[in-house]
2 protein chains.
Amino acid sequence: MNRPSAKLTKQGIRAVAARAGVSTASVSRALNNPDAVSPSLRARIAQAIEAVGYIPHAPARILSSRRSRTLGAIVPTIDNTMFARGIASLQKYLSSVGYMLFLTTSGYDLDVELQQARNLIGRGVDGLVLRGDCHHEGLRKLLADNAVPFINVGIYQPDRPYPCVGTNNEAAAHRAAGHVIELGHRRIGIVSALQRNNDRAGARVAGFRRALAENGLELPPEWHVEVPYTLDDAREAARHLLNLKNRPTAVVCGNDVIAYGVLLEAERSGFSVPRDLSVVGFDDLDWSRHLRPSLTTIHVPTDETWQRAGEYLVRSLAGEQTIMHREIDFSLVVRESTAPPPAILK
Amino acid sequence: MNRPSAKLTKQGIRAVAARAGVSTASVSRALNNPDAVSPSLRARIAQAIEAVGYIPHAPARILSSRRSRTLGAIVPTIDNTMFARGIASLQKYLSSVGYMLFLTTSGYDLDVELQQARNLIGRGVDGLVLRGDCHHEGLRKLLADNAVPFINVGIYQPDRPYPCVGTNNEAAAHRAAGHVIELGHRRIGIVSALQRNNDRAGARVAGFRRALAENGLELPPEWHVEVPYTLDDAREAARHLLNLKNRPTAVVCGNDVIAYGVLLEAERSGFSVPRDLSVVGFDDLDWSRHLRPSLTTIHVPTDETWQRAGEYLVRSLAGEQTIMHREIDFSLVVRESTAPPPAILK
DNA sequence: GCGCATTCTGTAAACGGTTACATCCTAAGC
DNA sequence: GCTTAGGATGTAACCGTTTACAGAATGCGC
């Protein structure tokens, strides 16, 4: 490291300063707070920056200023349209306000999530975007100890003392189940996503169960299946339900991918949707309206949700007061995959 | 946090050193090169780290060591299954070797890509993963000036003096077209992705055209449609082709999403696939085998491709000699969506 | 022409690590 | 027993910025 003081100002802000004949402080000011330097200097500095091809060194900047204008996000997986869209939306918003995003994935593993959080904090992020409120017990302490603001996204829990933004999954699932109940169904099954480490999936199951209970309907254990996030698993679950002697006339699904699997399997098994079976999805992915039959589902404004999450943190960091719990409205989109049950089974 | 007894050692590595009664150098060594310190010291330091809740400050580390163990990646969009999977694979590999990934998106805009590259370089990334070889003319100079190694992923160009890893898109498209030609089709259309700023799409069109030319087949301009990456656009393109008085008997698509749109529209318009129309996709997404009819397509090993890209950079950075141009094999997967043309049109 | 309030700039001390080099210790070689 | 090689540890200079603080320049009223 010890270098004989041969040639100073080799690169960086000092090279720019030397070239423009000013101090490093002025260059820094011209960059971070242009109004603080005279127009003439600003021009000279801008030209020097151009000439030298200067790129500010973010780590040095972060080290010195203790702010990174970077947010971290930890999602279970990027290979899921809902998260991919959400991240894209968040990233777009952040770059529009001069922030960057550091993205990591946890694979639905709470220990990994905690480790990633530590990682991101060490990276100097100004705030953290988390998926849901199902975290490692040490995570909140970690965030508090390091004074890192955060927000839970994709859920709505107004009773918690920390921020969140998202739709009320319980209410949405309740609405989805209510839809088929209103159509006259009494025998309703559910194919949910894995509830383990996924409070979103859990809330949906809860809302579904509440709707059934409120209408005095039973849910035999064999009518509730949990599956991972693949078409194959969803099809297998559908096969299970359709082969039951005592099969449901409607199936509410934990998300659209699962619903798609159920549609495919129903068709393959010779059942006609919605004549023999009604299917409801959840998320309203792009292609859900293109399916045949098109899918009745719950529309969730993903883009808005994630952008709001970014807004919350950016505003908080700017010292503004903002809404801590923001609910994003869902809506039921009725399409072709649901209809009244066959009269004979009513 | 700590007492107002404003002395030294407020936090960071100095606090750990003080607590363990050693120098900061030893703590740093214990962290970066454990073998260099005695086991007893190592244990004392580990305990102190735990007690203080120390998290190494990455920016300071990067600043000081001039290495970040972080790679940057710039993709057009994250909201595309192929990229999402690739990024996930890359990220998984990198974390397995102690690296992190800084991900940004360019939205198919070369200027934005250049800006993102500048951004990432300023961030201190050790290397850069880029999509394809269609970049801003200033990008390579930027990378060279800053001595940042990079690799183009998703294409195969052994004649270039810089590294790449991917499938030969031209050859793959040639194979796809060859398949329907072998089936007896003579009237073949193509629905490609937008070629602008997308050399992958361009190479596929080129391979398709070569196959036609080699077989003495014509490609009327109206049989070649370019569409953005949405189902709606693909359906519209299909509508266009199917409504032609002089319509093709087979359609080769730039990717599976487009093929899916074509299938949907064909069905909606009363054409039966593959009886009236053969359809070939490209990418072999998860659900392509589930479609009805299941989709004949080109299988591309995305996961392997992106992992190899990471391997190349990590190895290069470690000083190892590695293969500069790596070809990833594609394969034609024949399913239900292709068949010989109707006899009458042969 | 002078004092004073305002800008505008420059100086230099952090920020939290790494690492070249110096120093200290221990144990083996003679 | 004395040297010395070599490993373990400490010291302190640096990495490239930001930002108090101080100093210089400018404009203004009198």
Side-chain angles (χ1 to χ4, degrees), chain A residues 1-45 48-49 52-70 121-124 126 146, chain B residues 2 6-45 48-49 52-70 121-124 126 146:
Chain A
M1 269 282 155
N2 261 342
R3 188 155 307 172
S5 52
K7 181 169 82 167
L8 305 172
T9 71
K10 7 179 195 181
Q11 57 169 343
I13 203 175
R14 276 177 249 264
V16 176
R19 175 125 190 171
V22 300
S23 72
T24 61
S26 292
V27 177
S28 176
R29 275 189 287 256
L31 246 31
N32 299 303
N33 187 11
D35 294 334
V37 302
S38 63
S40 69
L41 247 201
R42 208 185 306 159
R44 241 176 45 238
I45 290 173
I49 287 177
V52 176
Y54 169 66
I55 299 178
H57 193 268
R61 222 207 269 247
I62 296 168
L63 179 58
S64 184
S65 69
R66 252 81 69 76
R67 286 177 312 122
S68 64
R69 290 188 76 81
T70 298
I121 291 173
R123 228 72 197 187
D126 293 339
N146 291 278
Chain B
N2 56 346
K7 272 290 188 173
L8 5 133
T9 70
K10 350 182 192 183
Q11 57 170 344
I13 203 176
R14 262 127 184 148
V16 176
R19 176 124 189 171
V22 300
S23 72
T24 61
S26 291
V27 177
S28 177
R29 275 189 286 259
L31 246 29
N32 299 304
N33 187 11
D35 294 333
V37 302
S38 65
S40 69
L41 245 202
R42 209 184 307 160
R44 264 216 333 278
I45 290 173
I49 286 177
V52 177
Y54 170 66
I55 299 177
H57 193 265
R61 224 209 271 242
I62 296 168
L63 179 60
S64 182
S65 68
R66 255 78 72 76
R67 285 178 311 122
S68 63
R69 290 189 78 81
T70 298
I121 291 172
R123 227 74 194 185
D126 293 340
N146 291 278

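Because the structure is predicted, anything quoted here is derived from the model rather than measured.
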Sugar-phosphate only, base, or nothing, as touched by B:Leu31 at under 4.0 Å among non-hydrogen atoms: nothing
Would you tell me if any nitrogen or oxygen in the side chain of [X] comes within less than 4.0 Å of OP1 or OP2 on [N]?
X       : N      : result
A:Ser64 : D:dT17 : no
B:Arg61 : C:dT18 : yes
A:Ser28 : D:dT18 : yes

Heavy-atom protein contacts under 4.0 Å, nucleotides 4-9 of chain C, coded B base, S sugar-phosphate only, - none: ----SB
With A:Asn32 via side chain to side chain donor-acceptor pair (under 3.5 Å) - residues at least two apart: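 Partners of A:Asn32 under the side chain to side chain donor-acceptor pair (under 3.5 Å) test: A:Ser28, A:Arg61.
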Set of side chain to side chain donor-acceptor pair (under 3.5 Å) partners for A:Ser64, sequence neighbours left out: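 By the side chain to side chain donor-acceptor pair (under 3.5 Å) rule, A:Ser64 matches no residue at all.
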Terminal helix-axis angle for the helix from C:dG1-D:dC30 to C:dC30-D:dG1, with five pairs defining each axis and rounding to 10 degrees: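 Answer rounded to 10°: the end axes differ by 50°.
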[options]: which one has an atom nearest the side-chain heavy atoms of [X]?
X       : options                : answer
B:Arg66 : D:dT17, D:dA12, D:dG16 : D:dG16
B:Arg14 : D:dT17, D:dT11, C:dG17 : C:dG17
B:Tyr54 : C:dT18, C:dA12, C:dG17 : C:dG17

Taking atom [atom2] of [N] as reference, at what distance in whole Å does atom [atom1] of [X] sit?
X       : N      : atom1 : atom2 : result
A:Arg69 : D:dT17 : CZ    : P     : 18 Å
B:Ile62 : D:dC15 : CD1   : C1'   : 12 Å
B:Ile55 : C:dG16 : CD1   : P     : 13 Å
A:Asn33 : D:dT17 : CG    : P     : 18 Å
B:His57 : D:dT17 : NE2   : P     : 16 Å

Contact nearer the 5' end of DNA chain D, comparing A:Arg67 with A:Leu63: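 First, find each residue's nearest nucleotide; the 5'-ward one identifies A:Leu63.
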Short side-chain to backbone donor-acceptor contact, B:Arg42 and B:Val37, under 3.5 Å: yes
Show which side-chain atoms of residues 16-27 of chain B pair as donor or acceptor with protein atoms under 3.5 Å away, not counting sequence neighbours.
residue	atom	partner	partner atom	Å
B:Ser23	OG	B:Ala25	N	3.4
B:Ser23	OG	B:Ser26	N	3.3

For A:Arg66, side-chain contact (heavy atoms from CB on, under 4.5 Å) partners two or more places apart: none
